[in-house]
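Here is the structure we will look at, set down as structure tokens.
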Amino acid sequence: MKKIIAILMAATALSACENLDLSQYATAGANDPVRTRLRACLVSEATARLQAGTLLNNGVSAAADEITNTCIKKLALQAAGLDNEAASTATSIIGNLLNGASAQ
């Protein structure tokens, strides 16, 4: 698994230099196999971090671990049908905390 992540990260880094098009690997539908959805998430996360300039802040290994954990969590929430509900609940909790903090 780490080899796949390292390859995807290397390909993403190279795409910034050589204009390789990884967009074909960055999308997957709900009915695609889990490996395809994982690959799409890994490419999307790595690309987003590369564009934000934060991809290699802590090194390749740490970035790979962070991206992997993020994607595994996303896929698990999607599989459980909780991805939209979790985001909505988190937004509500944050709003309530901010309102409570401003009232004090």
*Verdict with reasoning, R49 to E66, per side chain to side chain contact (heavy atoms under 4.5 Å, CB included)*: CA-CA 11 Å; R49 291 175 187 219; E66 292 168 9; 3.0 Å; yes
*For A87, does its backbone N or O pair with a side-chain atom of T91 as donor and acceptor, under 3.5 Å?*
yes
*For the pair S88 (side chain) and N84 (backbone), establish whether a donor and an acceptor sit closer than 3.5 Å, ignoring hydrogens and angles.*
no
*Taking every non-hydrogen atom, the tightest pair across L55 and A63*: O-CB, 3.1 Å
*More than 12 heavy atoms from other groups under 6.0 Å of CG on N96*: yes
_side chain to side chain contact (heavy atoms under 4.5 Å, CB included) for K74 and R37? Distances and angles first, verdict last._
CA-CA 10 Å; K74 283 182 180 182; R37 290 183 281 140; over 6 Å; no
*Hey, could you give me the CD1/OG1 distance between I67 and T47, rounded to the nearest 0.5 Å?*
8.5 Å
_CG-OG1 distance between D65 and T70, expressed to the nearest 0.5 angstrom_ = 10.5 Å
*Check the hydrophobic clustering (I, L, V, M, F, W, Y; side-chain heavy atoms under 4.5 Å; chains of links allowed) and say if L42 and V60 are grouped together.*
yes
*L56 and L50: side chain to side chain contact (heavy atoms under 4.5 Å, CB included), yes or no, with the steps?*
CA-CA 8 Å; L56 299 177; L50 179 66; over 6 Å; no
